[in-house]
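Notes follow once the structure below has been shown.
Chain A is the first sequence line, chain B the second, and so forth, proteins listed ahead of strands; every chain is numbered from 1. Basis for what follows: all heavy atoms, side chains included, without hydrogens, waters or symmetry-related copies.
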2 protein chains.
Amino acid sequence: MQDCIYTAAESVERSGLKGLPLFKACQDSFFQKMAKRALTQKHSKGKILFLHGDEARYFYFIQKGLVRLFRETLDGSQVTVDILPAGQVLALRTIFEDDLYPYSAEIVENAEITSYPLSYLKDEIQTNNTLALNMLSSMSRCKRRKEQEIEHREIQNAPQRIGCFLLRLIPQNKEGPVTIHLPYDKTLVAARLGMQPETFSRALSKLKRETGIKIKGATIELDTVQQLVQFSCAACSSEFPCKDLQQREF
Amino acid sequence: MQDCIYTAAESVERSGLKGLPLFKACQDSFFQKMAKRALTQKHSKGKILFLHGDEARYFYFIQKGLVRLFRETLDGSQVTVDILPAGQVLALRTIFEDDLYPYSAEIVENAEITSYPLSYLKDEIQTNNTLALNMLSSMSRCKRRKEQEIEHREIQNAPQRIGCFLLRLIPQNKEGPVTIHLPYDKTLVAARLGMQPETFSRALSKLKRETGIKIKGATIELDTVQQLVQFSCAACSSEFPCKDLQQREF
DNA sequence: TTTGCGCCTTGACCAAAGTCAATTCAAGGG
DNA sequence: CCCTTGAATTGACTTTGGTCAAGGCGCAAA
């Protein structure tokens, strides 16, 4: 089965990197250099992009599709670290570590992904202080997200965690009724939230019973966000309009 | 009750910062400037250093004692983020965020703590790219630790988590018998590992039964680290000699 | 030495989530 | 339109850890 189609190196304009806030401090020369070595590939569902512990030469930008990051233990169980949609970058942080990928990456929805050499980024950051500072705040936010995740897994129960997940999918200041569409399969959402699919299913019904939200397949309707806020955010150390939702991995 | 004793601004030599790898790229002028505004205080157990959400003006270096970082939810439950021993810095990352402390800090063992103005650090990092790069790798490691913590809470059970905690207290390449002394109260260790004291107590007995370690109060003896490695590291995505144990919060 | 206060442990019970298995549902291919 | 396949749900049961309450242990002050 063909699960990967190569295309030529990209033009600067197409480069997704240029649009990212993280790189706004970079000159055109940087993007041009990057674009020359950029490689965009189509991958189909199930493809492993790289494995935890592989030698890292590239970082990736998701043009289209979905990527699941995960780790595997000796005794065979998997932990899903995150699920990244189009527009996200992955494996960036590798440049600060030991040049080994810190997780495995699997395509979970047909994707188009551009790879860039990590070495160029490593060079750039040595001299571009603003880039370094942007990375610092970016990584700091990412770290905050991870800490919050630990917190949530400790004090939120399964239905609350789902409610919290849903709230993060919508514009935070939205008034009145909202319709939410799950961004990926329920099985994946369950994995993302660290629970079993069965638990997710039951917890979602419970959330429905307790808050009165309406569920039809992957579509969820709220009369008002307050329904969920009251239910989920009581077991959270932050105030409701959640900050720093946009950006993700590192 | 007096729970805080002030001492004069420190001499450069005493400054704990200078010894930290994180600041090795900084000039003496920086340390001198810092030292002028440094303030060392003694705090007794129970003192709150700052609260989550407080406006942040200082970061801290623990000269002596123990500090617990935690967050509190609306419905009153607390989550312990970390427990920091002497030699650690805290609240550093505040400079990359919104100038609000990202957690509360409580003295849990009589402590001596030096505070430094965040603003000076903020200035320094604008121009000192090497410092920025050191911070990046430092924060990256810290982030890795947090990710591993999420993983552990998902796939390790309570006894395994304790075993893992113990393994991190000893020189990783140690051969033969080892004696471990818990660095703080069992209640605190329990909180650190995200479990109830009762659960910790029972899980520790179970760990003893399953691995044959010897426990006498806060002292634990192993015939060999392999006893624990086999038991705990099967449910972990990393190989045993755990990396990046030294440094902590940000 | 006694007393008191935390810390720690233990028991009984409960609640939440995981596991295993059976079944239903929905979407895409023939 | 039916069939296949994977996703999702549901039921029954187990396991793990949390909760509540009662005691025990040890250290330090009186």
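- Between the CG atom of B:Leu207 and the C1' atom of D:dG17 there is a distance of 16 Å, given to the nearest Å.
- Side chains of B:Ser232 and B:Gln156: a donor-acceptor N/O pair is absent below 3.5 angstrom, by distance only.
- Counted by atom type alone, A:Asp185 and A:Thr187 present zero donor-acceptor pairs between their side chains at under 3.5 Å.
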Per-nucleotide protein contact along nucleotides 23-30 of chain D, 5' to 3', at a 4.0 Å heavy-atom cut-off (B base, S sugar-phosphate only, - neither), is --------
With sugar-phosphate taken as primed atoms, P, OP1 and OP2 and all else as base, the protein-contact string of nucleotides 21-29 of chain C at under 4.0 Å (heavy atoms; B, S, -) is B--------
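- Classification of A:Glu109 and A:Lys64 as a salt-bridged pair fails, no side-chain N sitting under 4.0 Å from a carboxylate O.
- The interatomic distance linking A:Ile215 (CD1) with D:dT10 (C1') rounds to 15 Å, in whole Å.
- For A:Gln230, the CD atom is loosely surrounded, since the number of other residues' heavy atoms within 6.0 Å does not exceed 12.
- Between the side chains of A:Gln41 and A:Ser115, not a single donor N or O lies within less than 3.5 Å of an accepting N or O.
- Atom NZ in B:Lys216 sits roughly 23 Å away from atom P in C:dC7 (whole-Å rounding).
- Distance, A:Leu188 CG to D:dA7 C1': 11 Å, rounded to whole Å.
- At whole-Å resolution of the value, CZ in B:Arg153 and C1' in D:dG17 are 13 Å apart.
- When only modelled atom types and interatomic distance are considered, B:Ser104 and B:Glu72 share no side-chain donor-acceptor pair under 3.5 Å.
- Protein atom CG of B:Leu204 is 14 Å distant from nucleotide atom C1' of C:dT10, rounded to whole Å.
- Geometric assessment of B:Arg68 against the ring of B:Phe70 yields a positive cation-pi assignment under the 6.0 Å and 45° thresholds.
- Going from atom NZ of A:Lys45 over to atom P of D:dT5 covers 15 Å, rounded to whole Å.
- For the helix from C:dT1-D:dA30 to C:dG30-D:dC1, the terminal axes (five pairs an end, C1' atoms, rotation from four pairs onto the next four) enclose an angle of 30°, given to 10 degrees.
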Are there any protein N/O atoms within less than 3.5 Å of an N/O atom in nucleotides 12-14 of chain D, and if so, which ones and at what distance?
residue: D:dA12; atom: N6; partner: A:Arg202; partner atom: NH2; Å: 3.4

Show each protein N/O and nucleotides 13-17 of chain C N/O combination with a separation under 3.5 Å, one pair to a line.
residue: C:dA17; atom: OP1; partner: A:Ala158; partner atom: N; Å: 2.7

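- For C:dC8, the OP1/OP2 oxygens have a side-chain nitrogen or oxygen of B:Thr187 closer than 4.0 Å.
- A side-chain donor-acceptor contact under 3.5 Å links B:Ser238 and B:Gln148.
- With hydrogens and angles ignored, the 3.5 Å screen pairs a side-chain donor or acceptor of A:Arg161 with a backbone N or O of A:Leu193.
- Going from atom CZ of A:Arg209 over to atom C1' of D:dT10 covers 13 Å, rounded to whole Å.
- B:Tyr101 approaches B:Glu55 most closely through the heavy-atom pair CE1-O, 3.6 Å.
- In terms of the ring-ring contact (aromatic ring centres under 6.0 Å, His included) criterion, residue partners of A:Phe59 (sequence neighbours excluded) are, by chain and number, A:Tyr116.
- The pair B:Glu221-B:Lys216 does not meet the salt-bridge criterion, since no charged nitrogen lies less than 4.0 angstrom from a carboxylate oxygen.
- When only modelled atom types and interatomic distance are considered, B:His152 and B:Glu154 share no side-chain donor-acceptor pair under 3.5 Å.
- A salt bridge does not link B:Glu198 to B:Arg202: none of the charged side-chain nitrogens sits closer than 4.0 Å to a carboxylate oxygen.
- Using modelled atom types, one finds a donor on one side chain and an acceptor on the other under 3.5 Å when comparing B:Glu151 with B:Ser237.
- In this structure, the side chain of A:Thr80 does not engage the main chain of A:Asp82 through any donor-acceptor pair within 3.5 Å.
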